[in-house]
Amino acid sequence: MKSKDMRLSEYFLPTLKENPSEAQIASHRLMLRAGMIRQSSAGIYSWLPLGERVLKKISEIVRSEQNIAGAQEMLMPTIQPADIWKESGRYDAYGPELLRIRDRHNRDMLYGPTNEEQITEIIRSCVKSYRDLPKLLYHIQWKFRDEVRPRFGIMRGREFLMKDCYSFDFNYGAARRSYNKMFVAYLRTFARMGLTAIPMRAESGPIGGDMSHEFIIMADTGESQVFCHADCFDYNVLEELVDYQSDLEPLVSRWTDLYAATDEQHDSSEFERSVPPDKRCEARGIEVGHIFYFGTKYSEAMGAFVSGPDGGRVTMEMGSYGIGVSRLVGAIIEANHDDDGIIWPDSVAPFRVGVVNLKPEDHKCNVLGGEVYEKLRTNGIDTLYEDREGRAGVKFANMDLIGLPWQLIIGPRGAAGGRVELKSRKTGQRDELSMEDAIKRVIA
RNA sequence: CGGGGUGUAGCGCAGCCUGGUAGCGCAUCUGCUUUGGGAGCAGAGGGUCGGCGGUUCGAAUCCGUCCACCCCGACCA
């Protein structure tokens, strides 16, 4: 399948040479400079074409792993009626971070910061028997939290794109199975984005137990201090063949048996007791996902129950599982950049390759460039074609900035002999190759 | 929400103290020269100096007020 025609002479990519003064951390700075986002107001951003592509790539990975784990996609509204929040008690409990609005009929509404009430309302009216359980449902939707102080660009905005999944089960054991499914799905999801996300114990709420984990990726600019056993980094979950119908407990315990905690949960004496000195890892981290079992907190308050085998009424066990999709864009950049710009992991790169025509006005360059571009597109490779006239240095700097994994460079030097140069953004290595070999290596 | 800071062209900034009708670099446009890592020369366009009010013959500049944005803290996905 041929990918879409993307020539820089037509593509909307407003890159900036200089650093916007409001951006403090790398991801924010680079996203603005690379023309991925524009700030609309504090903590609220427009996503320009390049940024939108990354958002879509990330969403697709999240979606595919949710589906593999057996969750079903749906879509709930951004605007919710206040009534259901009054039922759960959160309308009063939530505070000023909840954006409350009123419609023309003077009804209380709100812009959802999360969707527990909404999903519980749906399930309680549609699911009446234990036979209809378990249910695992998710959506990917924009949310709003009126943060006092938005910062770090997209990483802590007020409006954000999030995947949230909700589980409904008949009893604790079943709820734990749902929890484990998401646990494993999350490990796989982040691994596919080129991230090593460590599940760390998190505040487990009134229920207690060990059923809440934050998934943290390491980055110097991370917002919290984290402590973990170095072996956490060694497992490659993508090499496992995961059967979501089987008991996932052994796989999950491989992680949960090792010490891993954020500073809020950190217990230094336990850390020192359970982790040998050479395995103690202390770093900064960014939270990219959070899974949570909360039992009957909402189902109880909102009357979500089913009939059990004995005809008795059983309140459903629930859990919720979030991934900050828009936040991941920033987090991935924090973990993958250098002084020149972003270095996208293959799986989330907005384009796989940038074809850089150093001299489009030169006949041979133009012919060869066009040919390379068409061949890559025909092979279904997402390709951005730098076909504008201009100086080589500007083109190189721009390509490094937007961080596509490969740069396929066509210049007058090699074009006459059909030679091109292939540069890896990550290693910086450049190889002079024939057009065919270069294309082969990009496709591989 | 406490503390601090900043608003002047698309981006980065100077000018403000000591009022006199707005400037620099980059970007944009035109021409010539250049051409493998953010070019050179010549010219051009682009501003209600965050808003409103006040002082003054005259306000980007002084005073008041409001707003926006950023940083530190508290809080949080």
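Side-chain atoms are counted along with the backbone in the values below, which use heavy atoms only and exclude waters and symmetry mates. A, B, ... follow the sequence lines: proteins, then strands. Residue 1 opens every chain.
As rounded to whole Å, 15 Å separates atom C1' of A77(B) from atom CD1 of Ile140(A). Atom CD of Glu264(A) and atom P of C75(B) are 9 Å apart (whole Å). Following rounding to the nearest Å, Asn19(A) (CG) and C70(B) (C1') show an atom-to-atom distance of 15 Å. Atom CZ of Arg158(A) is separated from atom C1' of C70(B) by 14 Å (rounded to the nearest Å).
An OP1 or OP2 oxygen of A39(B) is reached within less than 4.0 angstrom by a side-chain nitrogen or oxygen of Arg391(A). The phosphate of A77(B) (OP1 or OP2) has no side-chain N or O of Thr114(A) nearer than 4.0 angstrom.
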Might you list the N or O atoms of the protein lying below 3.5 Å from N or O atoms in nucleotides 29-32 of chain B, with each pair's distance?
none

Which pairs, protein N/O on one side and nucleotides 22-27 of chain B N/O on the other, fall under 3.5 Å?
unit_1, atom_1, unit_2, atom_2, d
G25(B), N2, Glu18(A), OE2, 2.6

Sub-3.5 Å pairs of nitrogen or oxygen atoms, protein against nucleotides 71-73 of chain B:
unit_1, atom_1, unit_2, atom_2, d
C72(B), OP2, Arg149(A), NH1, 3.4
C72(B), OP2, Arg149(A), NH2, 2.3

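Not counting sequence neighbours, Trp406(A) has no partner by the ring-ring contact (aromatic ring centres under 6.0 Å, His included) test.
Looking at Arg145(A), its side chain does come within 3.5 Å of a backbone N or O of Pro113(A) through a donor-acceptor pair.
Side chain of Arg145(A), nearest nucleotide from G36(B), A77(B), C75(B): A77(B). Closest approach to the Ser41(A) side chain among A39(B), C69(B), G12(B) is made by C69(B) (side chain taken as heavy atoms from C-beta onward). Closest to the side chain of Arg413(A), out of G38(B), G36(B), C75(B), is G36(B). You'll find that the side chain of Asp400(A) is closest to G37(B), out of G37(B), G12(B), A77(B).
In a base pair of the Watson-Crick type (N1 to N3 plus N6-O4 or O6-N4) or a G-U wobble (N1-O2 and O6-N3), with each distance short of 3.5 Å, U55(B) is matched with no nucleotide. G12(B) is paired with C24(B) under the Watson-Crick or G-U wobble criterion, all donor-acceptor distances under 3.5 Å. In this structure, C69(B) forms a base pair with G5(B), meeting either the Watson-Crick or the G-U wobble geometry with both donor-acceptor distances under 3.5 Å. Pair assignment for G45(B): none, as no Watson-Crick or G-U wobble contacts are both less than 3.5 Å. When Watson-Crick and G-U wobble pairs are counted only if both distances are under 3.5 Å, U61(B) pairs with no nucleotide at all.
Looking at Glu116(A), Glu300(A), Glu87(A), Glu117(A) one by one, the single match for salt bridge (charged side-chain N to carboxylate O under 4.0 Å, His left out) with Arg124(A) turns out to be Glu87(A).
As judged by a 4.0 angstrom heavy-atom cut-off over every strand, Ala397(A) is placed among the base-contacting residues. Nucleic acid contact for Gly322(A): none, since no nucleic acid atom lies under 4.0 Å from a heavy atom of the residue. Among the heavy atoms of the strands lying under 4.0 Å from Gly157(A) is at least one base atom, whether or not backbone atoms are also near.
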Let me have the donor-acceptor pairs involving side chains of residues 47-55 of chain A, under 3.5 Å, with sequence neighbours excluded, atom names and distances please.
unit_1, atom_1, unit_2, atom_2, d
Glu52(A), OE2, Lys56(A), NZ, 3.1
Arg53(A), NE, Pro350(A), O, 2.8
Arg53(A), NH2, Pro350(A), O, 3.4
Arg53(A), NH2, Asp382(A), OD1, 3.4

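Sorted by first and then second residue, the pairs that involve residues 74-101 of chain A and meet ring pair (Phe, Tyr, Trp, His ring centres under 6.0 Å), not counting sequence neighbours, are Trp85(A)-Tyr94(A).
When each of Gly324(A) and Glu361(A) is assigned the nucleotide of RNA chain B bearing its nearest heavy atom, the one mapping closer to the 5' terminus is Glu361(A).
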